[in-house]
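Beneath this line is the structure, given in structure tokens, with notes to follow.
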There are 2 protein chains.
Amino acid sequence: MSLITDMDQTSLPCDGCAGRQGTVCGAFDDAGIAALFGLVRQQSFTSGQWIIEQRQPADRAFLLSSGHASVLRLTAQGRRQVIAFLFPGDFFAFSAEPVYQYGALALGDVMACLLSRRQLDTLLDRHAAAGNRLRRRMARLLDSHAELAFTLGRKQALEKVAAFIWYLHFKHHKLGHTGDECPVPMSRTDIADFLGLTGESVSRALTALRTEGVISLPEAHRIQVRDPARLRQIGIVESGLAAEPG
Amino acid sequence: MSLITDMDQTSLPCDGCAGRQGTVCGAFDDAGIAALFGLVRQQSFTSGQWIIEQRQPADRAFLLSSGHASVLRLTAQGRRQVIAFLFPGDFFAFSAEPVYQYGALALGDVMACLLSRRQLDTLLDRHAAAGNRLRRRMARLLDSHAELAFTLGRKQALEKVAAFIWYLHFKHHKLGHTGDECPVPMSRTDIADFLGLTGESVSRALTALRTEGVISLPEAHRIQVRDPARLRQIGIVESGLAAEPG
DNA sequence: CGTAACATTGACCTCCATCAAAAAATGTGG
DNA sequence: CCACATTTTTTGATGGAGGTCAATGTTACG
């Protein structure tokens with residue numbers, strides 16, 4: 001697959017890259033960032049467009065400046081598995097394969113900074129600190145993948161959906177927003193393909209949580225958390241810290 | 001979680017470490033290996049012993065010299081999810097968390113080379129090449145985790161078990177063995193907890209594959225593949241190369 | 001050899017997928 | 001801004017894959 005990582009909150013605005021602020025590029029030291037922005041070329045995508053296409057040479061990486069994307073695999077028989085959702089500031093790169101086994105699909109309007117993998121590799125070779133920080137980032141990503149494995153393997157539908165809402169809100173706050181309400185940038189089917197369910201089951205789970213008073217749904221693509229403690233309990237979100245993809 | 005990676009086949013015998021040959025430590029350059037073996041202390045474990053315990057400080061790493069282990073998470077309610085199986089030469093390290101969210105359990109007799117994470121980090125900081133190779137290794141591990149996500153989310157029981165057998169044989173050959181028969185070092189329950197099934201379902205799937213003539217089971221912990229093409233087809237193992245955990 | 005742990009097989013039931021229809025949201029042109 | 005067409009979401013009815021519980025057969029080990 002590929003590295004999909006969210007970069008630090010700590011670091012720099014990304015004007016040179018995105019034209020709007022984003023907190024990104026945490027894995028690179030200052031020289032690295034300077035070099036990086038020299039290489040970057042920006043591109044916009046609309047809903048349903050592939051930013052990276054599955055089965056194409058794994059020679060491109062990108063940084064999501066604005067909007068959202070899903071990383072997914074599509075089999076010959078038409079089965080879909082979403083591996084991750086990307087938020088502004090998230091990074092996609094580093095398949096070990098010569099060809100991407102997964103594609104990245106724009107959910108709505110997207111701005112992305114594309115760069116070649118070769119350039120990125122060179123950059124990383126030159127800046128040891130960047131490589132080390134990236135290694136730590138990848139370790140965190142591995143943690144989150146294990147979390148996903150647990151969710152897929154050992155939770156039932158309601159628990160999966162509860163954990164997912166927890167994850168959505170975690171991301172929302174991590175991106176600097178406040179409040180108990182957050183947007184849902186992906187479709188029910190996308191959520192289902194992430195959690196190993198059907199769209200109908202996702203919908204049913206949402207209504208169940210709404211009926212129980214745990215959440216409310218002012219609109220289909222907006223969720224308000226009314227009882228965070230119970231949501232977390234239902235979702236079996238244990239890991240105190242890195243509650244990435246629950 | 002943690003990095004669990006199998007090291008290169010290319011590299012060195014591990015006598016200084018394991019007392020018996022193993023092809024390991026591929027991520028380190030020569031100076032790195034020399035330094036590494038200075039730090040190593042070896043330990044043996046018996047079936048059912050924890051090599052690394054969940055919820056303990058994530059300050060230890062280890063290299064499996066001989067035997068097998070499972071990496072698993074155990075929740076308060078007693079749900080079990082196996083994240084990976086470790087084979088001789090595999091490496092376990094690098095949780096991003098301060099405390100391991102997963103434990104490593106010996107399957108039968110095990111010899112492991114334990115080293116402290118701090119020492120390993122220092123080592124990696126000093127040897128840039130080792131860090132880079134490790135990064136590539138982690139990318140491959142991420143690929144395999146995505147493969148696991150697909151298996152857990154979008155395959156049915158028979159397909160999961162077929163893919164698992166494929167994975168077992170892949171590992172077996174990668175470790176230098178030949179032939180269509182290979183040992184199964186883990187229990188049915190372990191397999192079930194890896195694939196998101198129950199032991200009974202694994203058992204049923206195995207008999208189904210046996211009845212179909214795809215495999216045979218000379219003993220419970222030994223599987224012979226009679227029809228590799230069909231096994232692969234049933235297991236939906238697509239990725240030509242990195243067919244890690246199917 | 002005997003006992004305990006594990007694996008297989010069977011009967012039953014639950015949760016979720018599937019199929020289908022109604023309701024809501026989204027987009028488009030007038 | 002509104003009417004209409006299309007897509008998405010919700011809700012309902014039904015069936016099946018796999019979980020659960022229980023009994024039997026097998027393997028591993030003291």
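What you see is a predicted model, and the numbers here were worked out from it, not measured in a lab. The sequence lines fix the lettering, A, B, ..., with proteins before strands; numbering per chain opens at 1.
Between B:Arg140 and A:Glu97, no side-chain nitrogen of the basic residue sits less than 4.0 Å from a carboxylate oxygen of the acidic one, so the salt-bridge criterion is not met. Ion pairing between a basic and an acidic side chain is recognised when a charged N comes within 4.0 Å of a carboxylate O; A:Glu212 and A:Arg230 show such pairing. We find that B:Arg154 and B:Glu159 are not joined by a salt bridge, their nearest charged nitrogen and carboxylate oxygen being 4.0 Å or further apart.
Dashed line: the shortest gap from a side-chain N or O of B:His221 to OP1 or OP2 of D:dA28 is not under 4.0 Å. For A:Arg210 and D:dT11, the shortest distance from a side-chain N or O to OP1 or OP2 is below 4.0 Å. Checking the phosphate oxygens (OP1, OP2) of D:dT11, a side-chain nitrogen or oxygen of A:Thr207 falls inside 4.0 Å.
Straight-line distance from the CG atom of A:Leu206 to the C1' atom of D:dT11: 13 Å, rounded to whole Å. We find that NZ of B:Lys155 is positioned 13 Å from P of D:dG18, with the value rounded to whole Å. For the pair A:Gln156 CD and C:dC16 C1', the computed distance is 10 Å after rounding to whole Å. One interatomic measurement links the two molecules: CD of B:Glu219 to C1' of D:dT26, which rounds to 12 Å at whole-angstrom precision. Taking atom CG of residue B:Asp190 and atom P of nucleotide C:dC6, one finds them 9 Å apart after rounding to whole Å. Between the CD1 atom of A:Ile223 and the P atom of D:dT9 there is a distance of 12 Å, rounded to whole Å. In this entry the distance linking CZ of A:Arg188 with P of D:dT8 reads 12 Å, nearest Å. In this structure, A:Leu195 atom CG and C:dC15 atom C1' are separated by 16 Å, rounded to whole Å.
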With the criterion being N/O to N/O and under 3.5 Å, what pairs connect the protein with nucleotides 10-12 of chain C, and how long is each?
from: C:dG10; atom 1: N7; to: B:Arg204; atom 2: NH1; distance (Å): 3.1
from: C:dG10; atom 1: O6; to: B:Arg204; atom 2: NH2; distance (Å): 3.3

Q. Can you list the steps and then say if B:Arg73 with B:Asp193 is a salt bridge (Lys or Arg N to Asp or Glu O under 4.0 Å)?
A. CA-CA 10 Å; B:Arg73 174 173 175 177; B:Asp193 289 337; over 6 Å; no
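Aromatic pair B:Phe87/B:His68: centroids less than 6.0 angstrom apart. A distance below 6.0 Å separates the ring centres of B:Phe164 and B:Tyr167.
Relative to the side chain of B:Thr189, the nucleotides C:dA7, D:dT10, D:dG18 differ in distance, and C:dA7 lies closest.
In this structure, the side chains of B:Arg226 and B:Gln224 come closer than 4.5 Å at one or more pairs of heavy atoms. A:Glu238 places a side-chain heavy atom less than 4.5 Å from the side chain of B:Thr75.
At the heavy-atom level, B:Arg222 lies nowhere under 4.0 Å from the strands shown. Across all strands shown, A:Ser203 has heavy atoms under 4.0 Å from base atoms, whether or not it also approaches the sugar-phosphate. Across all strands, A:Gly196 comes closer than 4.0 Å only to sugar-phosphate atoms, never to a base (heavy-atom distances). Using a 4.0 Å heavy-atom cutoff across all strands shown, A:Thr198 reaches at least one base atom of the nucleic acid.
Residue B:Phe85 is tested with B:Phe170, B:Phe194, B:Phe92 for a ring pair (Phe, Tyr, Trp, His ring centres under 6.0 Å); the sole match is B:Phe194.
Ring-plane geometry between A:His172 and A:His169 is classed as perpendicular, the angle between the planes exceeding 60 degrees on a 0 to 90 degree scale with a lower cut at 30.
Comparing A:Ala220 and A:Arg154 by the nucleotide of DNA chain D that holds the closest heavy atom to each, the one mapping nearer the 5' end is A:Ala220.
Each end of the helix from C:dC1-D:dG30 to C:dG30-D:dC1 gets its own axis, taken as the rotation carrying the C1' atoms of four end pairs onto the next four within a five-pair window, and the two axes meet at 60° to the nearest 10 degrees.
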